[in-house]
Amino acid sequence: MTLRRRPVRIAAVLVGACLGIAACNRGDGGAPTVALVLKTLNNPFFVEMEQGAREAADSLGIELVVQAPEREIDVEKQMQIVENLLQRRVDALLITPSGSREIVPAVVKANEAAIPVVVVDTRVDAPALEEAGARISSFIGSDNVDGGRMAGRFVAERLGGQGRVAVLEGIPGHETGDSRLTGFREVLAEHPGLEIVSSQTANWERDQAFNVTQNVLQSHPDLDAIFAANDVMALGAVEAVAAAGRTGEIVIVGFDAQDDARIAIREERMDATIAQNPREMGRLAVISADRLLRGETVPAEQPVRIELVTGQQTGAVEAPAREE
Amino acid sequence: MALPRTKLLHGREVGTLAGLLALCAALWVATPHFATVSNLVNVVEQSAIIGIVAVGMTFVILTGGIDLSVGSIVALSGVALGTAHEAGLPIAAAAAVGLTVGLACGLGNGALITLGRLPPFIATLGMMSVARGIALMLSDGRPISGYPASFRALATGHVLGIPFPVILMLAIYAVAHFLLTRTLLGRYTYAIGGNEEASALSGINVRAYKAAAYAIAGLLSAVTSMLLVARLNSAQPIAGIMYELDAIAAVVIGGTSLLGGSGTVIGTLIGALIMGVLRNGLNLLGVSSYLQQVAIGSVIIVAVLVDMMLRRRARRAAE
Amino acid sequence: MIPSASEPHPRPPEPIVLRMFGIRKAFPGVVALDGVDLEVRAGEVHVLLGENGAGKSTLMKVLSGAHAMDAGRIELAGSEVAISGPRHARDLGIGIIYQELALVPDLSAAENVFLGREPRRGPGLVDRGAMVAASRRILQTLGASFDPGLPVRVLSIAQRQLVEVARALSLEARILVMDEPTSALTERETGALFATIRRLTSQGVAVIYISHRLDEIFEIGDRVTVLRDGRRVATREVDGADRRELVRLMADREIDERVPRPAARRGDELLRVEGLGRHGVLHDVSFRVHAGEIVGFAGLLGSGRTEVARAIFGIDPHDAGRVFMRGRPARISSPRDAIRAGIGLLTEDRKRQGLVLELSIRENIVLPVLGSMSRFGIVSRRMERERASKHAAGLRIKTPSLEQVVLNLSGGNQQKVVLAKWLACEVDVLILDEPTRGIDVGSKQEVYQLIHRLASEGVGIVLISSELPEIVGLADRILVMRAGRVVAELSGDEASQESVLAHAVGA
């Protein structure tokens with residue numbers, strides 16, 4: 001008796017939830033649907049990219065669907081999302097791959113469904129793509145190696161070509177992080193006076209960066225500069241340096257030019273960051289999709305401008321002190 | 001009609017199954033893309049990953065334990081396969097290496113818990129970190145890519161239009177169901193979870209059968225990693241993060257008690273499908289990823305809440 | 001022995017504090033209570049008597065708010081109440097001590113006594129000193145001398161039961177329900193409990209007392225209500241009631257309450273224990289058990305009887321002595337070894353050690369022998385079913401089917417399942433530790449008959465019991481233990497209740 005009531009209840013809850021969600025999501029008919037699959041939405045970088053994409057989609061009359069796994073590194077779940085969107089027959093797929101190689105099978109599936117794919121921010125591994133016989137329509141992104149070089153030149157200049165440097169890496173195996181580090185190390189190698197005394201991962205996270213920096217400061221109290229492969233980690237380093245009472249003594253450089261980082265630079269707790277333009281990436285991606293759907297061609301490579309942000313130019317913070 | 005065993009009373013599973021069907025019905029109404037053959041196959045295929053891990057988790061939870069290390073074992077087995085393959089081993093041998101590593105990790109858990117007398121939570125928490133660390137060390141933190149098509153067919157192949165991962169998952173569930181209902185291993189698993197002391201006093205080799213549950217969990221994690229590597233054409237040291245929680249969720253949604261001693265793999269299969277259908281449906285509906293987390297979490301809570309309420313009532317009615 | 005009842009004291013009828021009318025409660029498949037009436041006066045000890053499943057515990061669960069009744073009416077002091085739950089019942093002055101202990105093992109005795117009602121010292125601060133002091137006072141009135149600051153885990157079952165009693169007393173209940181409170185108590189503790197009950201009743205507290213021990217009923221009871229199959233059969237004044245009649249009312253059949261003495265037929269030696277010792281626990285315990293023999297172990301709680309059983313069965317290690325089975329040394333370091341050597345142990349705590357409650361009767365019965373019914377690890381259901389029903393049949397377990405989950409059975413029936421489990425095991429030597437604790441008279445008789453039957457089939461029985469009539473009546477030889485030693489071996493005419501007790505207490 002009692003056991004039999006269970007199905008009814010669960011059913012009621014689930015039906016209610018789904019109908020509720022469905023009611024909010026019933027799209028209109030004619031407009032083309034474009035899906036933007038991000039690495040995550042727990043990072044302001046991708047939130048900005050989504051905003052840029054939305055603005056473009058609204059002005060072009062495109063229905064935009066944005067989806068992302070909960071965790072930035074979850075390649076399998078990103079693949080599932082792509083599969084599910086293909087089931088939904090979106091008209092074009094814009095994707096920031098969680099893994100440069102792991103995304104290839106998803107691209108293959110999109111190709112099979114004859115849905116154009118535009119890759120944003122993180123490159124797909126070219127040999128893997130070729131081996132699988134897959135094809136993408138365009139890559140939109142900044143040159144991370146060049147950004148890393150920019151950061152390296154800044155550190156070299158500030159330290160006068162002489163000093164000890166610590167590096168905070170992202171999760172190993174990420175194309176973006178690896179490229180930034182490659183560029184950075186390349187420049188430092190040109191300056192024999194600069195020594196990388198520590199290079200450890202903080203897994204893209206602020207609290208881990210805090211801990212790693214504290215540890216590095218213990219073992220290398222004479223540290224002169226820190227380069228973090230993203231701003232989230234750089235901000236963790238800023239806090240750790242402040243906790244050690246050494247704000248201003250150690251040069252800290254991040255990557256991404258998030259608002260928090262810009263503010264830290266303005267307040268002279270941090271020294272520089274590399275500005276990508278995720279909003280522009282999102283906008284360009286949607287415009288590319290629109291052109292592809294109209295049968296036009298788009299360039300295979302669409303670089304987005306990258307720039308160094310230092311104390312002199314932080315006026316670029318678009319929002320007031322806090323936007324959330 | 002003779003029910004084979006009271007504990008497998010199908011009432012509970014019928015309940016969970018009805019929940020799944022209701023969810024499907026709701027999605028069928030909400031979106032035209034859900035109830036297509038290709039999407040349904042797609043959903044089951046996606047559920048295979050967590051579904052297989054959850055079988056091992058069911059064994060462990062039935063003994064009254066928990067295994068937090070399955071996600072890390074997925075990563076380590078995959079990396080072991082990748083490393084072996086990179087070192088020149090033929091893919092079949094490399095796969096055997098991966099499976100062996102997973103089994104060894106599970107046996108390690110079992111030894112720590114039975115011989116070392118560590119609480120399962122602690123032992124597998126340690127293994128979670130150790131296995132992950134070794135996976136990162138072995139691979140230098142980098143994914144190991146590039147596998148022969150014959151191996152990748154594990155994930156991409158079809159038999160009579162049914163994707164191979166689905167067949168593999170169903171086969172594993174069938175074997176697990178048989179083990180739990182018809183064999184010594186199964187009976188002892190339930191007995192140990194229900195009352196470890198009484199089981200020992202009945203002469204059951206409690207240590208061996210407890211360790212076996214963790215070994216099964218380790219082995220099935222390795223099987224899952226094979227699927228994952230084949231699917232993504234890449235062995236990742238950071239694969240499988242939080243799989244333990246998804247697997248636990250599938251098990252408890254399926255009606256298995258975290259206290260051990262009661263539950264079925266059929267329930268777990270339905271639990272895994274509920275999670276898979278939910279994720280798929282929310283993707284199809286274009287629900288924001290923030291709201292998706294809320295929805296999935298709520299379903300876990302509501303399912304277990306309702307289940308516990310009914311169980312309490314049934315128990316009170318039974319006096 | 002228990003001090004005998006005080007002089008007759010004809011009391012004027014006290015006011016009625018509790019009336020239950022036509023109480024009905026059905027569970028899926030069974031009507032547990034079918035229109036039961038009960039009337040309890042202030043200051044009386046009202047005994048509820050009945051076999052397993054007669055409805056005694058269910059009736060009390062209705063009274064304590066643990067079960068909602070399907071029909072009926074409850075009046076407290078003349079006005080109708082609707083008891084909404086255990087907490088409400090407590091607030092109404094109904095205290096209950098359940099048969100199955102419900103204590104938090106890691107909290108101290110004092111914390112358990114005041115659980116949920118801790119004396120406060122300021123907001124959120126527990127007045128530990130006051131709590132311990134109050135607990136000690138109550139426990140002392142019960143004749144208990146242990147430290148109330150000790151965690152319950154380290155207490156014996158008897159001591160735990162006293163903690164339960166103390167908890168109920170601390171509630172200052174007007175109606176106190178005691179469900180077999182003495183089943184694990186020693187004579188001295190029982191005497192102290194009865195003294196407490198008498199003091200409570202003289203203050204006007206009504207006590208509803210559930211017990212299977214007829215002696216106790218005549219000792220402490222004022223009136224007795226007999227339940228059978230969910231109905232009230234009779235209510236009698238205890239003075240002038242006839243024991244045999246009460247037994248007949250309960251069972252609706254004549255049961256010889258006395259234990260028949262079997263003729264001893266010694267066979268070959270099965271078990272020989274030589275100089276068994278464990279530091280601080282057991283000292284130089286030696287004995288033999290022959291085929292067809294019932295060897296009794298008597299002694300007070302804590303005298304080492306259970307410890308002997310645990311050591312032989314491989315649960316606890318021993319640091320001296322040897323065990324032989326059929327003349328060959330047996331290496332036993334786990335229950336598995338013991339079972340393989342042909343020894344079975346029925347433990348005193350059936351819920352914790354004897355049964356897997358979520359498994360069915362069948363599954364519990366065949367648990368130790370499942371290995372022999374399987375091939376390549378696959379269990380033969382046919383053999384399983386045959387073996388289980390073969391051994392369950394002789395025990396008259398009240399259940400619709402062997403597929404019933406053990407959790408749903410009454411205490412007596414659960415004990416029968418544990419017995420059936422060891423029968424199915426077909427061991428040579430069966431150690432029974434308090435095999436009749438907490439089960440009703442009818443089931444007890446069945447257990448006794450079973451012990452006889454096993455002995456006559458050539459099984460060697462080791463019987464550990466705190467019930468003197470039981471052990472004296474059943475055993476061929478009685479070993480009396482005190483402080484971890486065997487202090488006497490009695491047989492034949494020297495084995496009387498008085499002589500056993502004298503050796504046990506060291507008189």
Side-chain angles (χ1 to χ4, degrees), chain A residues 1-19 21-27 33 35 38 40-41 65-71 73-77 79-81 83-89 99-105 125 127-128 131-132 169 171-173 201, chain B residues 11-12 14-19 21-23 25-27 29-31 33 36 38-39 42 46 49 136 139-143 145-146 156 228 231-234 236-239 241-242 279-293 295 298-299 302-303 306-307 310 313-314 317:
Chain A
M1 241 291 273
T2 42
L3 283 172
R4 232 164 263 155
R5 252 181 253 164
R6 176 196 161 112
V8 181
R9 291 203 193 176
I10 292 194
V13 170
L14 294 177
V15 170
C18 290
L19 291 181
I21 289 164
C24 305
N25 283 278
R26 268 272 141 103
T33 306
L38 299 169
T40 178
L41 275 169
V65 178
V66 181
Q67 301 265 299
E70 290 120 56
R71 293 179 300 277
I73 51 175
D74 200 337
V75 288
E76 212 279 323
K77 202 138 288 158
M79 170 120 171
Q80 291 191 7
I81 289 173
E83 287 173 344
N84 290 340
L85 290 168
L86 296 179
Q87 290 296 334
R88 207 192 136 164
R89 311 236 167 69
S100 311
R101 293 199 179 100
E102 291 75 10
I103 199 65
V104 173
D125 188 72
E131 186 204 322
E169 305 172 11
I171 290 173
T201 179
Chain B
R12 301 174 61 80
V14 168
T16 322
L17 185 61
L21 293 178
L23 181 63
L27 286 169
V29 173
T31 162
H33 308 293
T36 64
S38 73
N39 187 54
N42 170 44
Q46 291 183 356
I49 301 282
L136 285 162
S139 63
D140 245 349
R142 258 148 246 280
S145 309
T156 55
L228 209 55
R231 181 164 155 90
L232 300 169
N233 193 19
S234 162
Q236 292 216 317
I238 50 172
I241 289 181
M242 303 263 272
R279 284 221 166 84
N280 170 264
L282 294 168
N283 284 162
L284 293 183
L285 292 170
V287 176
S288 102
S289 68
Y290 300 149
L291 189 56
Q292 284 189 25
Q293 298 191 40
S298 306
V299 164
V302 169
V306 170
D307 189 53
L310 293 175
R313 194 181 301 172

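Excluded from the calculations below are hydrogen atoms, water molecules and symmetry mates; all remaining heavy atoms, backbone and side chain alike, are included. Each chain gets a letter, A, B and so on, in the order the sequences are listed, and its residues count up from 1.
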For B:I49, is it the side chain, the backbone, both or neither that has a heavy atom under 4.5 Å from a heavy atom of chain A?
side chain

Could you tell me if A:E83 and B:N280 have a donor-acceptor pair between their side chains, going purely by distance under 3.5 Å?
no

Heavy-atom cut-off 4.5 Å, strictly under: side chain, backbone, both or neither for A:A128 against chain B?
neither

Tell me, with the steps shown, if A:Q80 and B:R231 meet side chain to side chain contact (heavy atoms under 4.5 Å, CB included).
CA-CA 11 Å; A:Q80 291 191 7; B:R231 181 164 155 90; 3.6 Å; yes

Could you work out, with side chain to side chain contact (heavy atoms under 4.5 Å, CB included) as the rule, every residue matching B:Q293, not counting sequence neighbours?
A:E70

Can you see whether A:Q67 engages B:Q292 through a side-chain donor-acceptor pair at a distance of less than 3.5 angstrom?
yes

Could you work out, with side chain to side chain contact (heavy atoms under 4.5 Å, CB included) as the rule, every residue matching A:T33, not counting sequence neighbours?
A:E63, A:V65, A:R88, A:V90, A:D91

Between A:E131, A:K77, A:R89, which shows the greatest number of heavy-atom pairs under 4.5 Å with chain B?
A:K77

To the closest 0.5 Å, what do you measure between CG (A:N84) and NE2 (B:H33)?
12.0 Å

Gap between atom CG of B:L284 and atom CG of A:L85 - 0.5 Å precision:
7.5 Å

How long is the gap from CG on A:D125 to OG on B:S234, to the nearest 0.5 Å?
9.5 Å

Heavy-atom pairs under 4.5 Å with chain A, option from B:S145, B:A239, B:G281, B:S298 with the top count:
B:S145

What residue in A:T201, A:T40, A:L41 has the most heavy-atom pairs under 4.5 Å with chain B?
A:L41

Given a strict heavy-atom distance threshold of 4.5 Å, which part of B:I241 is in contact with chain A: side chain, backbone, both, or neither?
both

The test is side chain to side chain contact (heavy atoms under 4.5 Å, CB included); show your working for A:E102 and B:N233 and say whether it passes.
CA-CA 6 Å; A:E102 291 75 10; B:N233 193 19; over 6 Å; no

Chain A contact via B:T36 - which portion, at a heavy-atom distance below 4.5 Å
side chain

